[in-house]
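Some notes on the structure that comes next.
Note on naming: letters A, B, ... go to the chains in the order of the sequence lines (proteins, then strands), and numbering restarts at 1 for each one. Please read all numbers here as calculations on a predicted model, not as lab measurements.
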Amino acid sequence: MNQQSPRLPDSPMIDLQGVTKEFLKPSGEVHTVLRNINLRVAKGEFCSIVGPTGCGKSTTLSLIAGFEAPSLGKVQIKGEKLEGINSRASCVFQTENAFPWKTVIDNVSLGLRLNGTSKNDAFQEARRWIEKVGLKGFEGHYPHQLSGGMRKRVALAQCLITQPEILLMDESFSALDVHTRHLMENELLKIWEETSASVFFITHDLEEAIALSDRVIVLTAGPAATIKGDYRINLERPRNVAEIRFDKQFAELHEQIWNDLRDEVMVSYASANNA
Amino acid sequence: MNQQSPRLPDSPMIDLQGVTKEFLKPSGEVHTVLRNINLRVAKGEFCSIVGPTGCGKSTTLSLIAGFEAPSLGKVQIKGEKLEGINSRASCVFQTENAFPWKTVIDNVSLGLRLNGTSKNDAFQEARRWIEKVGLKGFEGHYPHQLSGGMRKRVALAQCLITQPEILLMDESFSALDVHTRHLMENELLKIWEETSASVFFITHDLEEAIALSDRVIVLTAGPAATIKGDYRINLERPRNVAEIRFDKQFAELHEQIWNDLRDEVMVSYASANNA
Amino acid sequence: MQVQTTLNTQEEIETRKKEMRIRASKIKIRNLSLQIIVFIAIFGSWEFFSDKNIIDPFFFSSPSSIVKQIVEWVIEGTSQGPLYVHFVVSFEETVIAFVIGVILGVIAGYALGMNDLLAVIFGPYIQMLNALPRVVLAPIFIIWFGLGMPSKVALGVTLTFFIVFFNAFQGVREVDKNLLNNARLLGANKRQLAQHVIIPSALTWILSSLHSSFGFALVGAVVGEFIGSTKGLGFLIAQAQGAFNTTGVFAGMVLLSVTALAANWAVSKLETRFIAWRHVRQ
Amino acid sequence: MQVQTTLNTQEEIETRKKEMRIRASKIKIRNLSLQIIVFIAIFGSWEFFSDKNIIDPFFFSSPSSIVKQIVEWVIEGTSQGPLYVHFVVSFEETVIAFVIGVILGVIAGYALGMNDLLAVIFGPYIQMLNALPRVVLAPIFIIWFGLGMPSKVALGVTLTFFIVFFNAFQGVREVDKNLLNNARLLGANKRQLAQHVIIPSALTWILSSLHSSFGFALVGAVVGEFIGSTKGLGFLIAQAQGAFNTTGVFAGMVLLSVTALAANWAVSKLETRFIAWRHVRQ
Amino acid sequence: GNADKTASQSDSKGDDKPAATETVKLPKVNIMVGGLEKIIYLPAKLTENLGYFKEEGLEVELTSQASGVNAEQALIAGEVQGVVGFYDHTIDMQAKGKELQAVALFATNPGARLMVTNKAKDQFKTLADLKGKNIGITSPGASSHFLVNYLVSKGGNSTKDYVPLAVGAGPTLIAAMEQGKVDIAWATQPTIALLEQKGIATSFVDLETKEGSQQTLGGTYAAPSLYMNSDYVKKNPEVVQRLANAFVKTLRYMSTHKAEEIADKLPKEFYAGDKELYIKSLESSLSMFTADGKMPDGGPEKVLEILQVFKPELKDTKIDLNKTFTNEFVDKVKK
Ligand SMILES: Nc1ncnc2c1ncn2[C@@H]1O[C@H](COP(=O)(O)OP(=O)(O)OP(=O)(O)O)[C@@H](O)[C@H]1O
Ligand SMILES: Nc1ncnc2c1ncn2[C@@H]1O[C@H](COP(=O)(O)OP(=O)(O)OP(=O)(O)O)[C@@H](O)[C@H]1O
Ligand SMILES: O=C([O-])O
Ligand SMILES: [Mg+2]
Ligand SMILES: [Mg+2]
């Protein structure tokens, strides 16, 4: 079931038009990851994307961030064609994004330092963020001296401190325990509400997607994934992510989207099932 | 509440005796991660460990695997003091463990090849495992051509193909979507039942821990984490991980353990909460 | 059921491949024309300045006379036999020196990189030997290895070895601890660890050192020939220098450079082959 | 509330620290004694064989006479002034050559590593130049730079540059794409990208090349002194060689080696300082 | 020697004053020596140590240069004003269009011998026996190479009839002979003395003593000399005159003093720890040095003749030998 999202005002923050992305396989064949993706995210919109593993979520993110160019179609940011790196975005990567040669505080303050903030101010602000993500006392540690979850939190602080217009998040919370995750999710929502950034949020956890977002996009199973569903989440804000899961409307939405998603996941794992 | 596990028969598979682990902090101070850990895992036992992020779960695993030596106390494997690498174990790391210069099939077949299996046999077996984890068609890809979830599945196949006596798993399923995760979890249980390996399973998902394990260990919040609780899960086997969550006994156990865990997570995030 | 990894028709694949090929050849043409322009700029101005006597042709010769000299060597041969003989001699010495130097460098780098004790004990000697001027050692090599090929090879080895050693050493040290641990758990013994983990991982380092070390092997062979020989490009250059024939010196150098370029091309091929997994990424 | 990252009492920390210190010093003592044993084995057998005339002292000298020669130089000076003057001259040339070579190598490596076009156009020339024997080029250096220090420095630079260049080039290419992307997103301009990401990441590569390149800078300076000079360790060695004074040649070499060891020690300190984040890991 | 020294010093005081008033300060002179420590070039260092440059009011810097052929380049490039090296280079350079001029000749023969190992002694009776042999030379294109070519052709063979083997000088040569890699080779002092002392080889052709070279070459072979850019000589006659004065004084000193006395004036590094051997080699070499620095009649012609054997192209070029040397300055040296 495709629920078309209403037309957004002119020049949406993110606009993917007929985007196709291909890679060359080792064998020389062309492997199509995404096909004909049309997606608009408005300013201040919180948009989640879900889909089976390997369907192309991270690839979509890298197109929006400008790390890679689409094979066909185009990516527009605020009405302008994106060429090279997207200067309005910040990103929490699925893999590590802390710089191993910088301590926690240097990592977190980097965005500010690059914009010319004085070291003092940047460090003060960074300390605030380090505390927010629960790493107080680890300012002087290097990333490899932290646990997996702690590194993820460094990445979060590093990304959020710059208060970007576009926030790209790739499975940012999947390495955290439930409690920490809820804390971080609530923190994220608070920040988002304050800054009205457009958020493009990748997760494999549908509950998380619904709890946080204005919209949930479902991708079909790859290869050549495309958009299967586009759901508007009209739950009241501000939300408490830990509690909203018990909301009735939440359960309905969850069921509705899950039906969609499950089919794709099934397609994707037909082979694994058969084995 | 500490529920002591019954005395195990002599020479348990894994035996941590009064283990303490310290690191030198950048400032030169000594940072105690684990303190006085006493833990025995019997042959064929499935033991999960949960605790707040950064409490020391991965550190415990690296002690059992023999990557690091304890600062105090000792680690015994099958009654013998562990020196150097634990040759009975295989491990799925929290970070990547696929070799970037090997294709999927070379990665998966590596364990067999190292034991002297012929290339043909190893590849045949590897193909079976690749199919099992749902990566058929990607045999010739290099790890960086795979998505995060797909790489995790390569790691799983690489580790399981050798059918080790001890299986160490660090958040092996957290990068996967629910469905794939359930498939993999069921697969793991099936293999485990066939081989009667001892499993040491790290997760931040308490439901997953209960659904899979014979025992769930709760660590206290760090620094100087120690064992807070040790719960026996007497749910019937074989289990279906997707369905067992709706079992009444499951819910009880969950509540019981969660009470324990929550306190620790709270302690751990006192600072983040206050911010 | 096999997961189908592409949904494209054969036709679409063909079109796309063609597009990619066209793009690749466009870049090639651009690069080639820029290379030619730079080449002309360098050698053209050399010829021009030399022709106008702005730079003294006695010291700097000129591209045209260098080419003439090479052509003469090729057609008429040199006083000590045809050109290719000299070329073959130098090339043989260089390749042998290169191979030995690389093998020794990799082995030593591997051993010292893996074993801290060895590194602590023998590291300083390697450092010390590296500081010795090879030109001064040349007579010693002649004493040890005689006047023939072995002394030139030894000289080449002493230059090649160190560069490869230091890179192999560091490459081995840089291997990801996690991957090492994983291979050990999977049952790798020492040899297998080297084969499956350490060498592949250090390969970028080692291959990078090959780029400079082949040039140094060549320098070693030539310097050896300089000091005592009857054949080889070094002999030709020394003879030309002895006769104050700058053109001959430069002609010899050009032949050396071409050899180096060819070797570098071969190393690049090796690189593409052995670290294919890196190249696919791009 | 600040997360307390240690629960140990001051006392416990002290005990533990002491333990660690003791362990560290035990390893040091073991290493030192092994180093001494190997040293004695090498130089003792040299002395022995030379003493018993099993190896010809005319060709190989002996450690004791080398030491005597050095002591004599130190106490009585050489015919061209006190020893330290020669040492200072060579050291100065070497350090200047090293610094210039490293700076040029890093800049060129960075530029060509970052820019494919530059790499395609100028890469071959660098390869070609690397294959030229520096000894042959010496006259050209004398023409360009004169007989004084600059020509020796130039010679040192031509050896240092290439090693640093190839490593810096590869180091830049090896930078993690993810980290580059992340820094770009965080707003890094070109200069900042170099400062915060590329240089720190390539530093292991660059520092590794310094280990061998200092030795080569020293070789360059010494070879330059060979070609024409009035001072320097190269002059001393050349003079000794001309007078068939093997002991003097070896004594000069020993001084060179010691210089190289000192420089290597300094590079290691730099390494510990600049890539502290790697060392903490161990 | 002591009395002599003080005498010459008081002498110089008298000379210096008028010089200082006549000309403004003389330019510094850089002289490159193809191995300061080599016996054939020892007048250079000896002049400095005897203080004769100072006596002439000259500031001279002697640069040593070990690898042979780079001195001319430095001279032509103007980096040095003079070279102490073999005279034959001036002829060679004229063919290349560069005018160099020898202003003082140190010796009238090359100061070398063709040495044959004791094992192979019997195979060599006459120069004709050089046919088909490996003959050690210092390096290709060096003077040793020319002269061996000449000797081979004098024996009635072509230069293609033997294999020149570059074996250097000193230890490498000794090792090569000891290891039997080469049976016959070109050697200079003190290698000659060493080879004899070690019982490895004996002299086959003598180009060291006056009589020997006269006999073999049928004349002199003008070899170690001070040569300069002709241009420079024209523009700085004063400097060149004083250099000639200094060097001739040294040559006179050498002809009137014993080897031990000369050795005492040289840096201890030159003896390589074996002063006796050094003195012995010096003794056997002393006779080759001139006492007046003059180019003998027929000297340049002989050199050209020998060069032409090796370099046929010199036959095609017209060489004006008179431009390659001048006795003008040494002739003017006060008796
Ligand atoms: N460089 C590449 N070359 C070839 N194929 C690639 C490359 N990068 C990604 N792919 C393919 O693209 C597909 C989508 O990858 P992507 O990382 O976008 O998935 P994902 O949806 O983020 O999955 P996950 O949830 O596991 O992170 C995968 O099938 C992968 O094999
Ligand atoms: N090399 C090291 N040096 C200093 N401290 C370290 C080092 N390695 C780990 N630590 C510290 O040990 C603690 C425990 O880390 P560990 O990785 O075991 O946590 P974890 O329980 O696995 O957490 P997560 O769930 O986030 O993976 C962390 O506080 C970390 O900072
Ligand atoms: O050492 C070199 O002479 O290049
Ligand atoms: Mg992904
Ligand atoms: Mg962990």
Side-chain angles (χ1 to χ4, degrees), chain A residues 23 25-27 31 50-59 94-96 103 128 131-138 140-142 145-150 152-153 170-171 174-181 183-184 187 203-206 222 258 261-262 265-266 268-275, chain B residues 23 25-27 31 50-59 94-96 103 128 131-138 140-142 145-150 152-153 170-171 174-181 183-184 187 203-206 222 258 261-262 265-266 268-275:
Chain A
F23 288 107
K25 294 218 315 179
S27 58
H31 173 75
V50 295
T53 12
C55 68
K57 304 182 291 294
S58 299
T59 304
Q94 187 168 15
T95 51
E96 315 272 306
T103 57
R128 219 169 56 80
E131 210 172 313
K132 254 188 201 175
V133 297
L135 287 178
K136 195 160 177 173
F138 290 92
H141 284 60
Y142 287 100
Q145 296 175 304
L146 301 177
S147 79
M150 289 156 100
K152 209 81 222 188
R153 285 182 271 152
D170 199 345
E171 312 241 349
S174 71
L176 304 177
D177 61 81
V178 192
H179 189 78
T180 315
R181 172 191 285 223
L183 281 171
M184 296 285 132
E187 196 63 46
T203 178
H204 59 250
D205 180 345
L206 184 53
W258 175 237
L261 183 56
R262 191 185 40 210
V265 171
M266 291 304 206
S268 167
Y269 287 94
S271 72
N273 267 336
N274 291 353
Chain B
F23 288 107
K25 295 218 314 179
S27 58
H31 173 77
V50 294
T53 12
C55 69
K57 304 182 291 294
S58 299
T59 304
Q94 186 169 14
T95 51
E96 315 272 305
T103 57
R128 220 169 56 79
E131 209 172 314
K132 254 188 200 174
V133 297
L135 286 178
K136 193 160 176 175
F138 290 91
H141 283 60
Y142 287 99
Q145 296 175 304
L146 302 176
S147 80
M150 289 156 101
K152 210 82 221 188
R153 285 182 271 154
D170 199 346
E171 312 240 349
S174 71
L176 305 177
D177 61 82
V178 193
H179 189 78
T180 315
R181 173 190 285 222
L183 279 171
M184 296 283 131
E187 196 62 47
T203 179
H204 58 249
D205 180 346
L206 184 53
W258 175 238
L261 183 56
R262 190 183 42 211
V265 171
M266 289 305 204
S268 166
Y269 287 92
S271 71
N273 267 336
N274 291 352

message = I'd like to check A:R153 versus A:L176 (side-chain heavy atoms, cut-off strictly below 4.5 Å). Are they in contact?
response = yes
query = Given side chains that start at C-beta, do those of B:V178 and A:D205 come closer than 4.5 Å, heavy atoms only?
reply = no
request  = Let me know if A:T95 has heavy atoms under 4.5 Å from chain B in its side chain, its backbone, both or neither.
outcome  = side chain
key: Partner chain B: residue of A:S58, A:G56, A:G148 with the largest heavy-atom pair count (under 4.5 Å)   = A:G148
task = Compare all side-chain heavy atoms of A:D170 with those of A:K57 and state whether any distance is below 4.5 angstrom.
result = no
remark   = From the list B:G51, B:S174, B:S147, the residue making the most non-hydrogen contacts under 4.5 Å with chain A is B:S174
query = Within a strict 4.5 Å, meaning less than it, do heavy atoms of the B:M150 and B:F138 side chains meet?
reply = yes
